[in-house]
Amino acid sequence: MARRAIAVLVMCVSAAGSAPGVPSRPSAVAGPARCAETAGAPIPGPPAVRASLSGARAEAAWTRAPYPGAWTRVPYPGARVRAPLPGAPAGPSGSGRVQAEEMLADLRARQARLPHPASLSWTPVTVPVWAHVITAGSLGAPDDAVRAQIATLNAAYGGRYGGADTGIRFRLDGLTRVDDPVLFRDPLGRPETLERMRRGGQETLNLYVAQLGRLVLGYSTYPYWYAGDPAGDGVVLDWRTLPGGSLRNFGRGFTGVHEIGHWLGLLHTFENGCLPLGDTIDDTPSEGLPTQGCPVHKDTCAGDGADPVHNFMDYAHDRCMSGFTEDQATRMREMWTAYRQAPPTEPGPGTSHRQAPPAEPGPETPRE
């Protein structure tokens with residue numbers, strides 16, 4: 001999975017110790033500070049992530065942010081960089097236009113082969129979920145936190161925090177647990193182990209919950225990657241980002257909402273900055289830089305409206321994220337039909353093609 005993963009939530013911490021809200025233990029903190037500007041050299045990244053890149057990708061893994069003197073970590077084109085500390089540098093990868101063009105071209109080619117336009121398919125979508133919880137003794141997500149994450153997904157994708165009801169719901173079909181301290185602290189470094197855990201086909205969301213270290217809060221794969229690497233398909237989350245988690249500003253479960261937005265085909269709202277194409281979504285205004293913190297107002301691109309600071313595909317703190325747009329909902333459903341929808345099968349004895357109703361979303365339990 002790490003071979004093609006996009007690290008989409010990155011948390012920078014100070015050299016003095018762990019980030020606010022992170023338990024002070026060796027497994028949670030390692031290495032020097034990675035937020036400050038550096039003099040002529042990129043910020044070093046986790047060895048496991050760098051080792052997963054090769055050739056041109058490795059060369060492009062570290063790139064200059066679009067303002068003087070700042071460097072930002074970009075593990076993969078379109079990667080999300082999140083910097084909760086004041087003054088910490090962050091910026092878009094600058095690689096998004098090519099990626100967005102390729103994604104759209106592949107989507108339209110697939111849609112042309114479908115019997116009906118994907119954009120007109122508005123039947124309820126229920127995503128089967130297999131959650132794989134990796135622990136290290138007493139460290140790791142309890143089952144209740146996983147169920148709370150599914151409830152938060154249903155509330156977020158159902159428009160209950162604001163924004164559009166996407167028509168997409170999530171159903172927890174299975175939950176596995178494995179106690180493996182090495183895998184717990186370095187899931188990116190052992191993708192073959194995650195691949196052996198995987199269940200289901202392209203329609204099944206495999207959610208791996210572990211501890212991703214000091215910087216990375218989660219990562220995801222895109223739907224159009226599935227054909228080339230089906231075993232690597234899925235989403236990995238830091239267990240401390242689940243609802244009620246210990247990460248200050250990032251413990252409401254919205255890391256999972258954001259990552260699964262990528263798994264369903266969405267790009268960041270700040271993709272391509274203020275340049276044409278953007279995130280390829282018509283009703284999300286262009287955004288020159290990702291949102292940090294919880295601003296009341298932000299407008300980084302002239303003449304295109306205020307930045308979508310409350311959108312789940314931006315970088316605001318969890319308490320300031322609230323919804324998807326109607327066009328984002330349409331795009332996710334297009335992607336589902338083109339890439340994720342399970343192929344039809346002949347019904348056998350006692351089976352039916354009827355889709356199970358979406359699970360009723362439960363209340364979110366945020367931690368302040």
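Side chains included, hydrogens not; waters and symmetry mates left out as well; all remaining heavy atoms used. Because the structure is predicted, anything quoted here is derived from the model rather than measured.
When side chains are defined from C-beta on, Y219 does not count as touching V235, because their heavy atoms never get closer than 4.5 Å. Taking 4.5 Å as the limit, some side-chain heavy atom of W130 sits within range of a side-chain heavy atom of T176. No side-chain heavy atom of R340 sits less than 4.5 Å from a side-chain heavy atom of M335. The side-chain heavy atoms of I168 and L264, taken from C-beta on, include a pair separated by under 4.5 Å.
Counting only distance, with no hydrogens or angles, the side chain of R199 and the backbone of G174 share no donor-acceptor pair below 3.5 Å. Counting only distance, with no hydrogens or angles, the side chain of T300 and the backbone of G288 share a donor-acceptor pair below 3.5 Å. No donor-acceptor pair under 3.5 Å is formed between the side chain of D165 and the backbone N or O of G159. Between the side chain of D180 and the backbone N or O of L183, at least one donor-acceptor pair lies under 3.5 Å. Put simply, the side chain of S220 gets close to the backbone of E259: a donor and an acceptor are under 3.5 Å apart. The backbone N or O of G218 lies less than 3.5 Å from no partner atom in the side chain of D238, so there is not a single donor-acceptor pair. For K298 (side chain) and Q292 (main-chain N/O), no donor-acceptor pair under 3.5 Å exists by modelled atom type. Looking at T255, its side chain never comes within 3.5 Å of a backbone N or O of T241 through a donor-acceptor pair. In this structure, R110 contributes its side chain and A338 its backbone to a donor-acceptor pair below 3.5 Å. With T330 contributing its side chain and E326 its backbone, the two residues share a donor-acceptor pair below 3.5 Å.
In terms of heavy atoms, P285 sits closest to P308 at O-CD, 3.6 Å. W263 and E203 make their closest contact through CH2-O, 3.9 Å (heavy atoms, listed as atom of the first residue, atom of the second, distance). Among all heavy-atom pairs drawn from G278 and A100, the shortest one is O-CB, 4.5 Å. Across every non-hydrogen atom of D233 and N206, the tightest pair is O-CB, 4.4 Å.
Q328 and R331 share no side-chain donor-acceptor pair at under 3.5 Å.
Atoms CD and CZ, on E287 and F270 in that order, are 7.0 Å from each other to the nearest 0.5 Å. Summarising the geometry, atom CG belonging to N311 is positioned 8.0 Å from atom CG belonging to L266; distances are rounded to the nearest 0.5 Å. Separation of atoms CG (L207) and CD (Q149) is listed at 6.5 Å; rounding is to 0.5 Å. For the atom pair CD of E271 and CG of L277, the computed distance is 9.0 Å after rounding to the nearest 0.5 Å. To the nearest 0.5 Å, atom OG1 of residue T284 and atom CG of residue L267 are 9.5 Å apart. In this structure, M332 CE and I260 CD1 are separated by 10.5 Å, a value rounded to the nearest 0.5 Å.
The aromatic rings of H258 and H262 sit perpendicular, their planes meeting at an angle over 60°, well past the 30° parallel limit. Ring geometry for H317 versus F250: interplanar angle over 60°, hence perpendicular rather than tilted (30 to 60°). Ring geometry for W225 versus Y222: interplanar angle over 60°, hence perpendicular rather than tilted (30 to 60°). In this pair, F312 and F254 present their aromatic rings perpendicular. The plane angle is above 60°, beyond the 30 to 60° band.
Not a single side-chain hydrogen bond (donor to acceptor under 3.5 Å, both in side chains) links H310 to another residue, sequence neighbours left out.
Remark: R190 does not engage E195 in a salt bridge, criterion side-chain N to carboxylate O under 4.0 Å. Here D143 pairs with R177 in a salt bridge; the nearest charged N to carboxylate O distance falls below 4.0 Å. Here D173 pairs with R171 in a salt bridge; the nearest charged N to carboxylate O distance falls below 4.0 Å. Ion pair R252/D318 not flagged as a salt bridge, since none of the NZ, NE, NH1 or NH2 atoms sits closer than 4.0 Å to an Asp/Glu carboxylate oxygen.
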- Step by step, would you call D106 with Y339 a side chain to side chain donor-acceptor pair (under 3.5 Å)? CA-CA 10 Å; D106 195 72; Y339 296 97; 2.5 Å; yes
- Assess whether side chain to side chain donor-acceptor pair (under 3.5 Å) is satisfied between T269 and D279, documenting all intermediate values. CA-CA 6 Å; T269 52; D279 64 350; 5.7 Å; no
- Query: Stepwise, does the side chain to side chain donor-acceptor pair (under 3.5 Å) test hold for T291 with D314?
  - Reply: CA-CA 6 Å; T291 298; D314 200 351; 2.5 Å; yes
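Each of E101, E102, E334 was evaluated against R108; a single residue qualifies, E334, per the salt bridge (Lys or Arg N to Asp or Glu O under 4.0 Å) test.
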